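Take a look at the structure set out below.
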Number of protein chains: 2
Amino acid sequence: MEHLDETDKTILRILQQDAKVTTKELAGRLGLTISPVYERIKRLESLGYIRQYVAVLNKDLLSQPITTFCQVSMRYHDKAFIEKFEEEIQKLEEVQECYHMAGEVDFLLKINIGSLPEYHDFVRNKLSKIENIGTLNSTFVLKEIKHTTGYHIA
Amino acid sequence: MEHLDETDKTILRILQQDAKVTTKELAGRLGLTISPVYERIKRLESLGYIRQYVAVLNKDLLSQPITTFCQVSMRYHDKAFIEKFEEEIQKLEEVQECYHMAGEVDFLLKINIGSLPEYHDFVRNKLSKIENIGTLNSTFVLKEIKHTTGYHIA
DNA sequence: AGTGAAACTCGCCGTCC
DNA sequence: GGACGGCGAGTTTCACT
């Protein structure tokens with residue numbers, strides 16, 4: 001893996017805010033022509049710095065206004081059980097993020113859903129159906145204060 | 001707010017996976033020509049269903065391999081203190097997400113950072129500097145099991 | 001709401017420095 | 001590593017349905 005120069009970093013900073021910016025526009029801001037900027041973007045893509053380009057939607061308009069964080073602890077910690085859990089979580093479309101955590105709780109899930117009854121149904125009929133789950137502890141988001149998809153690029 | 005038909009939903013589902021898909025490609029999949037698809041996308045953008053288009057980067061390659069969740073409780077809950085906290089959090093680029101929570105803990109922060117010493121420095125010299133913070137409780141992500149930016153579109 | 005085509009701009013590639 | 005130029009492809013708009 002090679003090092004990124006300042007031009008690369010500027011390109012990444014801009015693209016993670018606005019993926020629709022044209023190469024021409026980027027070139028203008030960088031004081032370059034289209035070609036080198038085009039080549040740099042392709043390089044950043046193929047080296048894996050850019051994972052994908054996505055549209056970020058408005059969850060409130062999509063009838064998914066409720067967000068909860070659910071802490072999951074497993075009953076037993078056999079490798080097979082853990083892997084099974086991770087596999088099942090991938091299939092649940094309500095689960096947007098899932099992390100294996102250090103500490104008392106095994107997994108932290110971020111879940112988007114439309115209403116409290118739906119959440120009840122989700123926990124009862126989907127999440128709790130996964131084998132070997134010990135305890136569940138859900139806390140609800142009252143307000144989203146900050147939510148970016150970008151990273152701080154040093 | 002008007003209702004979305006199935007064509008709109010299909011467009012949103014595809015765009016939140018891949019923002020670079022061409023209108024022509026979309027039109028092909030939907031069995032339509034380019035124009036109506038183009039008009040629908042513009043409509044979805046102006047109605048706010050699509051908030052932005054972004055490049056999702058690889059945090060491991062950006063020297064930000066560590067993710068932590070930090071639970072923050074305030075000492076007092078005066079409106080002014082809370083608003084000051086929310087304002088200060090916006091300025092911290094290490095904080096990718098911040099939620100005001102129901103329950104015992106006031107805020108949940110998702111933080112990306114390069115190393116444990118950097119995290120120590122962040123907590124000590126940036127986070128703890130914000131007025132009126134009571135307790136902090138950080139838990140570390142061992143592994144990201146699932147992380148999508150998309151929502152389930154019913 | 002959708003079709004089809006025209007006009008314009010940009011992305012992409014080769015060549016040269 | 002960057003500049004320049006040309007062709008193909010995508011975007012945007014419009015007249016018609």
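Residue numbers start from 1 in every chain, and the chains themselves are labelled A, B, ... in the order their sequence lines are given, proteins ahead of strands. Remember, predicted model here, so these are calculated numbers, not experimental data. Every heavy atom of this structure was used, including side-chain atoms; hydrogens, water molecules and symmetry mates were not.
- Residues B/Ile34 and B/Ile11 do not share a hydrophobic cluster, clusters being chains of Ile/Leu/Val/Met/Phe/Trp/Tyr side chains in contact below 4.5 Å.
- In this entry the distance linking CG of B/Leu32 with P of D/dT17 reads 20 Å, nearest Å.
- A donor-acceptor pair under 3.5 Å is formed between the side chain of A/Ser46 and the backbone N or O of A/Arg43.
- Residues B/Leu44 and B/Leu15 are members of one and the same hydrophobic cluster, defined by side-chain heavy-atom contacts under 4.5 angstrom among Ile, Leu, Val, Met, Phe, Trp and Tyr.
- For the helix from C/dA1-D/dT17 to C/dC17-D/dG1, the axis fitted to the five pairs at one end and the axis fitted to the five pairs at the other end meet at an angle of 20° (nearest 10 degrees).
- In this view, B/Pro65 and B/Asp60 satisfy the side-chain contact (heavy atoms from CB on, under 4.5 Å) rule, not counting sequence neighbours.
- Residue pairs meeting the salt bridge (charged side-chain N to carboxylate O under 4.0 Å, His left out) criterion with at least one member in residues 112-139 of chain A, sequence neighbours excluded, are A/Glu94-A/Lys126.
- Under a 4.0 Å N-O distance rule, the pair B/Glu39/B/Lys42 does not qualify as a salt bridge.
- Here the C1' atom of nucleotide D/dT13 and the NZ atom of B/Lys42 are 12 Å apart, to the nearest Å.
- In the hydrophobic clustering (ILVMFWY side chains linked at under 4.5 Å, chained through shared members), B/Phe81 is joined by B/Tyr76.
- Using a 4.0 Å heavy-atom distance criterion, A/Tyr38 is classed as a sugar-phosphate-only contact.
- Residue pairs that meet the side chain to side chain donor-acceptor pair (under 3.5 Å) test with at least one member in residues 15-27 of chain A, sequence neighbours left out, are A/Glu25-A/Arg29.
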Sort me out a list of protein N/O and nucleotides 5-7 of chain D N/O pairs below 3.5 Å, or just none if empty.
none

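- The CG-P distance, from A/Leu30 to D/dG2, rounds to 10 Å in whole Å.
- In this structure, A/Ile66 shares a hydrophobic cluster with A/Val72, A/Met74, A/Ile82, A/Phe85, A/Ile89, A/Leu92, A/Val95, A/Phe107, A/Leu109, A/Ile111, A/Ile113, A/Leu116, A/Tyr119, A/Phe122, A/Val123, A/Leu127, A/Ile130, A/Ile133, A/Leu136, A/Phe140, B/Ile145, the cluster being traced through Ile, Leu, Val, Met, Phe, Trp and Tyr side chains under 4.5 angstrom apart.
- For the pair B/Ile34 CD1 and D/dT13 C1', the computed distance is 13 Å after rounding to whole Å.
- Qualifying salt bridge (Lys or Arg N to Asp or Glu O under 4.0 Å) partners for A/Glu97, counting only residues two or more places apart in sequence or in other chains: A/Lys110, B/Lys110.
- Salt bridge B/Asp5/B/Arg40: present, at least one basic N to carboxylate O contact under 4.0 Å.
- Residues from residues 5-18 of chain A that place a heavy atom under 4.0 Å from any atom of DNA chain C: there are none.
- Put simply, B/Lys24 has no side-chain N or O that comes within less than 4.0 Å of OP1 or OP2 on D/dT11.
- For DNA chain D, none of the residues of residues 50-58 of chain B falls under the heavy-atom distance limit of 4.0 Å.
- A salt bridge links B/Glu88 to B/Lys91: one of the charged nitrogens lies within less than 4.0 Å of a carboxylate oxygen.
- For DNA chain C, the outermost nucleotides in 5' to 3' order that have an atom under 4.0 Å from a heavy atom of chain B are C/dA1 to C/dA5.
- At distances below 3.5 Å, at least one donor-acceptor pair connects side-chain atoms of A/Lys146 with backbone N or O atoms of B/Gln90.
- Evaluation of the side-chain contact (heavy atoms from CB on, under 4.5 Å) rule for B/Val141 yields A/Tyr99, A/Met101, B/Thr67, B/Phe69 as partners, not counting sequence neighbours.
- Of the candidate nucleotides D/dA3, D/dG1, D/dG10, D/dG1 has the atom lying nearest to any side-chain atom of A/Arg40.
- The distance from atom CD1 of A/Ile41 to atom P of D/dG1 is 16 Å, rounded to the nearest whole Å.
- At least one donor-acceptor pair under 3.5 Å links the side chain of B/Gln64 to the backbone N or O of A/His152.
- Checking A/Thr33 against A/Lys20, the closest nucleotide of DNA chain D that is more toward the 5' end is the one next to A/Thr33.
- A/Tyr49 and A/Tyr38 sit in two unconnected hydrophobic clusters of ILVMFWY residues. Membership requires side-chain heavy atoms under 4.5 Å apart, directly or through other members.
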